[in-house]
Every structure is written in C-alpha cells, then in structure tokens.
Amino acid sequence: MLISTFNINGVKARLDALLAWLEAASPDIACLQEIKSQDEAFPRGPIEALGYHVETHGQKGFNGVALLSRTPPVEVLRGLPGDDQDDHSRYIEGVWQVGPRRLRVASIYLPNGNPVGTEKFSYKLAWMERLIRHAEALLATEDDLVLAGDYNVIPMPLDAANPQAWLGDALFQPESRAALRRLVNLGLADALRASTDAAKTYTFWDYQAGAWQKNAGIRIDHLLVSPEVQDRLVSVGIDKHVRGWEKPSDHVPVTIEIAA
DNA sequence: ATGCCTCACTAGGTGAGA
C-alpha cells in the first residue's frame, strides 16, 4: 500500500507532470494540495483514465485539496471541523476499507501564515489548534490514520538548507514548530523521520534565486502516521527528481509504503 | 531579500504563495 502527498501548485497547469508521476509512482492513494481549481473544473477525466477515483474539495483561484485512490473511499469529509466561518478549502479526509481494517487518510494544506504578526499568522496557529483537536478525535477511532500534506512548517533546523534564512518566517516560528510537535505528541510519527535522520531531505525548493540549483530546500511536506501504521511502515521516499521536470511544482511528492 | 518566480483570474496588473 503506497500513500503519497504532493502539493501540485495548480492541477491544470501541472496536469502533464501529475499524470507522468502517477503512472510512474502508481500510489494507491495520492493526497493533492493547492489544486487551485473549483471542483467542476478539476481535470478528473485523464486521472480517472489512469484508474483513479477522484474526490475534490476545491475553491476558486487558490487552495484546494484532493484525494486520488485506486478504490473509492467508503466515507469522505470535506473541510476541517471547528470553525464554520473558515471558507478556505484546505482539508479533505477519506476512509478506505482495507481487508478487516479501516484506513483514514487526510490531505492537508496548512496555511502559510506569512507575514508573521498579521491575521494570516494567527489564522495559521488557530488552524493548527483545530487540526490538533480533530486529530485527537481521529486517534480515538482506532482507525489506521495517515495525516498527509503540505504542513508549511519546518520541524527542525535539520530540515532546511539555510535555517537562519527562515528565522523570521511563519514556517519556522517557535509557535508553528511547537504546534506541530503537539500534534505529533498526540501519538503520531513523522514517517520520514521514523525512517531516517539524514540531512538534506527536502520537499520544497523555491522558484526564486536558484533555490533548486543550489539545493536550498526545506522539508515541509509530511506524513504523520498512527502507531498501527508506523508498525507496518516499509519505506519512505521523496520523489526529488520530479522537481527537475519541465514546468515543475515547487514541491515534490513524498510516499510511504505500508505492509498489507 | 517585505521578494529573485509562478499560477489564477482575466486581459493589466493584483493577490497568494513560502
């Protein structure tokens, strides 16, 4: 069972790259973020032609998340619970029946939060509090749980090529990092760090200033897994080569393999 | 380095991203 997360940065602008990656990587479940598409404009046809079921939670212009899967989910939840006033499409969750077990997978596009000191940063922190409360409820279900997505948080200095360059950024604020730690400390594992403590394991390289060419990346795309999933974790991989393709997203896919 | 690119929206710049 392969589960991937990929911030696609515009699904219509990136369709060729998405299809090529799906064909090569063949994940069982793919969590997309920043589809930048309304549901009715999502290019589901060519994705379905590759054998994927499509569930979207889009909006006009920006944000938007989706779940692609080999088999249809038995349940879908759109939107992160906890604030009826929040109209950003940043969360979609599905449940799949896998033999005797229920597997719950969320595609998360956590707010960026820049600039620090504005309502955007407080929105980020409030969103993280809602995510923590929701994750508590999900862990109580005892379903197998994978919270995958673009967290827009650099967990540790190790996760940035130039950590000092991010000190003033919302992605590396002590409050952002502490909130991510509290989420993990509910009883989840950062799948990548459960498999390696290697440096230079990045998932994002800015389009600007030759960040890719200099490997000036950061690790902000994470799969947090429940203990039952961590016990069956076979491998974790970052599809770094995708960043070198024509018209790439600024993020690359991250994939976990779970034993059946 | 409060913005070096890129996308969406929509036809010229603006907003958002990280």
Side-chain angles (χ1 to χ4, degrees), chain A residues 5-19 21 31-44 56-66 86-91 107-128 131 148-177 179-180 200-222 238 240 242-254:
Chain A
T5 182
F6 189 7
N7 179 320
I8 194 69
N9 188 14
V11 69
K12 294 177 290 246
R14 223 67 73 190
L15 184 58
D16 290 347
L18 174 61
L19 297 174
W21 170 73
C31 304
L32 302 182
Q33 302 88 35
E34 276 204 275
I35 62 174
K36 297 187 179 178
S37 174
Q38 297 178 91
D39 294 334
E40 55 270 30
F42 190 92
R44 58 174 56 241
T56 63
H57 183 42
Q59 75 179 86
K60 188 171 185 172
F62 66 118
N63 298 331
V65 287
D86 182 5
D87 57 359
H88 286 204
S89 295
R90 297 180 173 275
Y91 187 93
S107 180
I108 293 169
Y109 179 44
L110 210 143
N112 172 306
N114 279 306
V116 174
T118 67
E119 69 287 346
K120 291 189 175 184
F121 189 60
S122 40
Y123 173 64
K124 175 181 191 143
L125 295 180
W127 207 95
M128 295 187 82
L131 181 59
D150 175 2
Y151 280 76
N152 271 317
V153 177
I154 303 166
M156 300 281 283
L158 175 68
D159 298 307
N162 304 301
Q164 69 286 350
W166 296 92
L167 287 175
D169 197 284
L171 279 63
F172 200 46
Q173 288 308 292
E175 297 96 324
S176 311
R177 296 174 59 196
L180 180 61
K200 301 182 181 178
T201 52
Y202 309 133
T203 66
F204 169 91
W205 296 260
D206 201 294
Y207 290 120
Q208 304 180 77
W212 169 244
Q213 289 75 13
K214 291 187 274 193
N215 197 23
I218 52 177
R219 190 176 73 92
I220 55 175
D221 300 273
H222 310 302
I238 300 175
K240 183 176 180 180
V242 171
R243 185 61 177 81
W245 288 359
E246 288 291 311
K247 282 189 48 141
S249 172
D250 38 8
H251 299 249
V252 296
V254 185

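Heavy-atom basis, side chains included; hydrogens, waters and symmetry copies ignored. Order of the sequence lines sets the chain letters (A, B, ...), proteins ahead of strands, with each chain counted from 1.
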Give one of base, sugar-phosphate or nothing for A:Asp169, where a contact means two heavy atoms less than 4.0 Å apart. nothing

What nucleic acid atoms does A:His88 come within less than 4.0 Å of, heavy atoms only: base, sugar-phosphate, or nothing? nothing

Determine the interatomic distance between [atom1] on [N] and the same-named atom on [M]; round to the nearest Å.
N      : M      : atom1 : value
B:dA1  : B:dA16 : P     : 25 Å
B:dT2  : B:dG12 : C1'   : 23 Å
B:dT10 : B:dG15 : C1'   : 13 Å

Can you work out whether A:Phe204 or A:Gly10 has the more 5'-proximal nearest nucleotide on DNA chain B? A:Gly10

Residue pair A:Pro111/A:Pro115 against DNA chain B: nearer the 5' end by closest nucleotide is A:Pro115

Within the 3.5 Å criterion, strictly below it, is a donor on A:Asn9 or A:Lys36 matched to an acceptor on the partner's side chain? yes

Looking at A:Ser89 and A:Gly64, would you say the former's side chain and the latter's main chain have a donor-acceptor pair under 3.5 Å? no

Within the side chain of A:Arg177, is there an N or O that forms a donor-acceptor pair under 3.5 Å with the backbone of A:Phe172? no

When A:Asn152, A:Thr203, A:Thr5 are each screened for side chain to side chain donor-acceptor pair (under 3.5 Å) with A:Asp221, the one that passes is A:Thr203

What protein N or O atoms touch nucleotides 9-16 of chain B N or O atoms at under 3.5 angstrom, if any, and at what distances?
unit_1	atom_1	unit_2	atom_2	d
B:dC9	OP1	A:Gly61	N	3.2

Parallel, tilted or perpendicular: which one describes the rings of A:Tyr151 and A:His222, with boundaries at 30° and 60°? tilted

Does A:Asn162 have any side chain to side chain contact (heavy atoms under 4.5 Å, CB included) partners at least two apart in sequence or in another chain, and if so, which? A:Gln164, A:Ala165, A:Ala216

